[in-house]
**Q** 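Pasting in a structure now, in structure tokens, and then I'll have a few things to ask.
As a basis for the values below, the full set of heavy atoms in this structure was taken, side chains included, without hydrogen atoms, waters or symmetry mates. Given the structure is predicted, the values throughout are model-derived calculations rather than measurements.
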Amino acid sequence: GYKHFLKVFQSKGIDQIDLSNVRQIFNGAEPISLELCHQFLNALSDYGLDSQSMSPVYGLAEASLAVSFSKPGCAMKSIRLKRQKLAVGDTVETTDGDDSMEFVFVGEPVDNCHVQITDMNNNPLTENTVGKIQIKGDNVTAGYYLDDEINKQLINDGWLDTGDLGVFINSQMIITGRIKDIIFVHGQNFYSHDLENILHPLDELELGKVVATGVRKSGADDDELLIFILYRGEIEAFIPLVNTIRKTINETTGAEVHHVIPVKRIPKTTSGKIQRHLLGDEYISGHFNEEILAIHDLLQAHKESTDDSSTDTTASKILTICNTTVEDKQINLDDNLFEIGISSLALAEIHEQLDELYPDKVDITDLFDHPTVRELATFLDKKS
């Protein structure tokens, strides 16, 4: 809502109105973007809106709305936590590094609404530990109407499982994400909204037009990481964006993007929440096979037009290592390893084999500085 308002405000402006009487704005977005909050407050400061009028909150219909509220009149507070320490049962770690995610505090539980953080077996966890958010109190529903099966799954000794994950830090709660929006790849957990936020700064993308989700096919141990982009142009013009998205996600998180898929619509609930699972279901059913095949053919045609690895001995050796390690992709001379999306595990294996072939000549950071086989071969030749 704030994002849509700002788009109109920046293009058309608004009448000269007085917002100095606005005392309180409750923001219970899912998730809350501190940057967007500040953009909204700053944009309307000229109209008298108090910079501390917005309070981040957490609630849901099953709690008659309110669960935890920030103290009115206080500035919004946030914290940066290490991305790799946000699984259920993890003790959070603060960091200002590139591997951080920013979360907004949503205050303390309201009167008579009790909140506990639990592990997957509903055992209570201590402060600073990520877990399932469960709620209990007179304001909380006693159950879903005529749905005993759901009630057995979600209500345990009066505690309702909200489906959200969170943590208490200094008695203040933050929401880390939805449990169904966790993507499991190569032993690591990724949140859909985190991956989407990483892509929002790209010129071609913005809030509400990017969807990250994980789909696990029958018999698989890992999820396939899928990125859906709202796009209505020609498929040929989509290819540079595919490469940019894969590179951005891979360099930031180490995760491998399985497919980047253009879609003509983003399914949402009546309240505007993205229905990621619907896109995942459509992918499983083969709805996007035509687009995926077209993108694959265009990427392959580009690779074949630039591949002349046989003329370069060093490049040929590196290429053999890469293609032996990454079995599900055909890597060529000018492929950016991060754009095509390889896992951090595969990257480490490639470096290990390079170090055996060229002892003490290549550091793993050199792969970031020279991300194509051709560039890395040139670097090694000069160093040798």
**Q** Before we go on, tell me: are the rings of Phe288 and Phe228 under 6.0 Å apart, centre to centre?
**A**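 Yes, ring centres under 6.0 Å apart.
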**Q** Salt-bridge test for Glu224 and Arg216: reply yes if a basic N is under 4.0 Å from a carboxylate O, no otherwise.
**A**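 Looking at Glu224 and Arg216, the cut-off is not met.
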**Q** Around Gln153, counting heavy atoms of other residues, nucleotides and ligands shown, do more than 12 lie under 6.0 Å from its CD?
**A**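 Check passes, neighbour count above 12.
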**Q** Could you pull out every donor-acceptor pair under 3.5 Å between side chains of residues 160-170 and any protein atom, sequence neighbours left out?
**A**
from: Asp161; atom 1: OD1; to: Gly163; atom 2: N; distance (Å): 3.0
from: Asp161; atom 1: OD2; to: Lys132; atom 2: NZ; distance (Å): 3.0
from: Thr162; atom 1: OG1; to: Tyr58; atom 2: OH; distance (Å): 3.4
from: Thr162; atom 1: OG1; to: Ile133; atom 2: O; distance (Å): 2.8
from: Thr162; atom 1: OG1; to: Asp164; atom 2: N; distance (Å): 3.1
from: Asp164; atom 1: OD1; to: Arg178; atom 2: NH1; distance (Å): 3.0
from: Asp164; atom 1: OD2; to: Tyr58; atom 2: OH; distance (Å): 2.6

**Q** Counting C-beta onward and ignoring hydrogens, is there a side-chain heavy-atom pair between Gln84 and Gln188 closer than 4.5 Å?
**A**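 Yes; the side chains approach each other to less than 4.5 Å.
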**Q** Looking just at side-chain N and O atoms, do Gln39 and Tyr2 make a donor-acceptor pair shorter than 3.5 Å?
**A**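 Tyr2 and Gln39 do not have a side-chain donor-acceptor pair below 3.5 Å.
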**Q** So does Glu102 pair up with Arg80, basic N to acidic O under 4.0 Å?
**A**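 Salt bridge: yes.
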**Q** So that I can tick it off, tell me whether Asp194 and Arg83 are bridged by a salt bridge, with the cut-off set at under 4.0 angstrom between side-chain N and carboxylate O.
**A**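 Salt bridge: yes.
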**Q** Take a 6.0 Å sphere around CD of Gln275 and say whether it holds more than 12 heavy atoms from other residues, nucleotides or ligands.
**A**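 Enclosed.
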**Q** Assess whether a salt bridge exists between Glu196 and Lys209, defined as any Lys/Arg side-chain N lying under 4.0 Å from an Asp/Glu carboxylate O.
**A**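 Result for this pair is no, no salt bridge flagged.
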**Q** Output all residues satisfying ring-ring contact (aromatic ring centres under 6.0 Å, His included) with Phe26, sequence neighbours left out; order by chain, then residue number.
**A**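 In terms of ring-ring contact (aromatic ring centres under 6.0 Å, His included), with neighbours along the sequence ignored, Phe26 is linked to Phe69.
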**Q** Answer yes or no: does atom CD of Glu236 have more than 12 heavy-atom neighbours from other residues, nucleotides or ligands under 6.0 Å?
**A**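 Count over threshold, so yes.
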**Q** I'd like to check the ring-ring contact (aromatic ring centres under 6.0 Å, His included) partners of His370; sequence neighbours left out, ordered by chain and number.
**A**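 For His370, the residues satisfying ring-ring contact (aromatic ring centres under 6.0 Å, His included) (neighbours in sequence not counted) are Phe379.
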